[in-house]
Amino acid sequence: MRTFTIPLTPPYSFERLLQRLQTHPDPQLEVQPENGLLRRVFRVGTRPVLTRVQFVGELEKPALQIETSSSLSAAEQQELERTIRHVFSADLDLLPIYEQMREEPELAVLVKRFRGLRLMHDSDLFQSMVKTIIGQQINLTFAANLTQRLLTLAGDEVEDENGVKFLAFPTAESVARLSVEELRPLQFSQRKAEYIIDYARAIVDGKVDLERLWTMEDEEIIAHLTALRGIGRWTVECMLMFGMGRPDLLPAADIGLRNGIWLVYNRDTKPDEAEIRRIGERWAPWRSIYSLYIWEAVGAVKRKEVWEE
DNA sequence: GTCCAGGGTATAT
DNA sequence: ATATACCATGGA
């Protein structure tokens, strides 16, 4: 079976998802906004499978229609479906979270404006961490450029029926085989190149077991991974949030979050990390979703969306 | 030209 | 313990 449908939990705004992609470029995704269509490669096991994801239905009755370029066994299709449900945050019920967010007037505006917005998660924890390390300190455009160059250097190529090429994110094994000298010409800093390669080697050597992370608590994972050089608290918080889909993370060191809180709460100064953690206490146990909506307020301003009412 | 981007580490006090 | 320099580049 090459085509199947995945029902989504309403409300689900595919439009907001596409708008977020404008300010958060993803080199793995081909986007055809006019058709509500995305294409990218997902790995099933280790095999890269080119997949077409089309949004069908509407905000309050949404679904995804999936089509793969090669045929899959029943077990493979089940695995792909699980991955896609995770990536598109298909099962999160936003309504109880909205109830809580509406308790703050500054956030009630965001609930109304961004109804149905969810996070797009990373499809696996290796790429989640690598992309987060790449994103440390630099702007999103440059980060996307670096990720694209890493894909070109070490990713696996897949072609569609017309010979259009797509790249699957490199495996830990292929990144572990790279040298710093290969990443430097791609404009990775010396340190960043070392961090990424060291991380891939820790996985290949079995010093880090990504599967085991799914059985661990947030703080346990933070303690475990920040022991690695180049991986600080912010990086693990992002991996927990974007990679694992954990609901209650607050990357308080994040510059975007600082700017967002400054904007949304209309403060006269940017809050520091301690201040953000204090404000975020009342967002528990949904701090990840609150963070997303705060970030997207900044995104809307960058896109020059009219910000009124 | 300057400053800032979804930070983290190394070094100096 | 806390402060500062540094990374590498693009866009405002």
Rounded to whole angstroms, how far apart are [atom1] on [X] and [atom2] on [N]?
X	N	atom1	atom2	answer
A:D272	C:dT2	CG	C1'	15 Å
A:R191	C:dA5	CZ	P	15 Å
A:K304	C:dA12	NZ	P	8 Å
A:Y195	C:dC6	OH	C1'	10 Å
A:I222	B:dG8	CD1	P	11 Å
A:E273	C:dT2	CD	P	13 Å
A:R258	B:dG7	CZ	P	10 Å
A:L140	B:dG7	CG	C1'	13 Å

Nearest heavy atom decides the nucleotide; on that basis, is A:K192 or A:T141 closer to the 5' end of DNA chain C?
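Closer to the 5' end of DNA chain C: A:K192.
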Are side-chain N/O atoms of A:Q32 and A:E30 paired as donor and acceptor at under 3.5 Å?
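On atom types as modelled, these side chains qualify, holding a pair under 3.5 Å.
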Which part of the nucleic acid, if any, lies within contact of [X], taking any heavy atom under 4.0 Å across all strands shown: a base, the sugar-phosphate backbone alone, or nothing?
X	value
A:K302	sugar-phosphate
A:T235	sugar-phosphate
A:R184	sugar-phosphate
A:I138	base
A:I133	nothing
A:R20	base

Can you work out whether A:T226 or A:C238 has the more 5'-proximal nearest nucleotide on DNA chain B?
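First, find each residue's nearest nucleotide; the 5'-ward one identifies A:C238.
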Between A:I231 and A:L257, just flag the one whose closest nucleotide in DNA chain B comes earlier from the 5' side.
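Whichever sits nearer the 5' end wins; that is A:L257.
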List for me each residue that meets side-chain contact (heavy atoms from CB on, under 4.5 Å) alongside [X], sequence neighbours excluded, and say none if there are none.
X	answer
A:L29	A:L21, A:D26, A:V31, A:L38, A:R40, A:M120
A:S73	A:A75, A:E76
A:P10	A:E60, A:P62
A:E219	A:I222, A:R233

Per [X] side chain, nearest of listed nucleotides [options]:
X	options	result
A:R229	B:dT9, C:dC7, B:dA5	B:dT9
A:S189	C:dG10, C:dC7, B:dG7	C:dC7
A:W234	B:dG7, B:dT9, B:dA5	B:dG7
A:Q136	B:dT9, B:dA5, B:dG7	B:dG7

Results of side chain to side chain donor-acceptor pair (under 3.5 Å) for A:N139 - residues two or more places apart only
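Not a single residue meets the side chain to side chain donor-acceptor pair (under 3.5 Å) criterion with A:N139.
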Taking ring-ring contact (aromatic ring centres under 6.0 Å, His included) as the cut-off, I'd like each qualifying pair that reaches into residues 161-186 of chain A, sequence neighbours left out, listed once.
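Residue pairs with at least one partner in residues 161-186 of chain A: there are none.
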Please list all pairs meeting ring-ring contact (aromatic ring centres under 6.0 Å, His included) that have one or both residues in residues 232-285 of chain A, counting only residues at least two apart or in different chains.
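The answer is A:F242-A:W295, A:W283-A:Y290.
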Output yes when at least one side-chain N/O atom of A:Q137 is less than 4.0 Å from OP1 or OP2 of B:dA5, else no.
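Negative; the distance criterion is not met.
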When you measure from the side-chain N and O atoms of A:N139 to the phosphate of C:dA12, is any distance below 4.0 Å, counting only OP1 and OP2?
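So the side-chain polar atoms of A:N139 never come under 4.0 Å of the phosphate oxygens OP1 or OP2 of C:dA12.
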Whether over 12 other heavy atoms sit under 6.0 Å from A:Q22 CD:
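Count over threshold, so yes.
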Whole-angstrom distance between B:dA5 and C:dT2, as gauged at atom C1'
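Approximately 24 Å lies between the C1' atom of B:dA5 and that of C:dT2.
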Which residues in residues 279-294 of chain A have at least one heavy atom lying under 4.0 Å from any atom of DNA chain B?
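When residues 279-294 of chain A is checked for heavy atoms under 4.0 Å from DNA chain B, there are no hits whatsoever.
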Of the residues in residues 242-252 of chain A, which ones touch DNA chain B at a heavy-atom distance under 4.0 Å?
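Of all residues in residues 242-252 of chain A, none places a heavy atom under 4.0 Å from DNA chain B.
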Can a salt bridge be assigned to the pair A:E99 and A:R102 using a cut-off of 4.0 Å between side-chain N and carboxylate O?
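A salt bridge links A:E99 with A:R102.
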With a 4.0 Å cut-off on N to O distance, would you call A:R113 and A:E296 a salt bridge?
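No, A:R113 and A:E296 are not salt-bridged.
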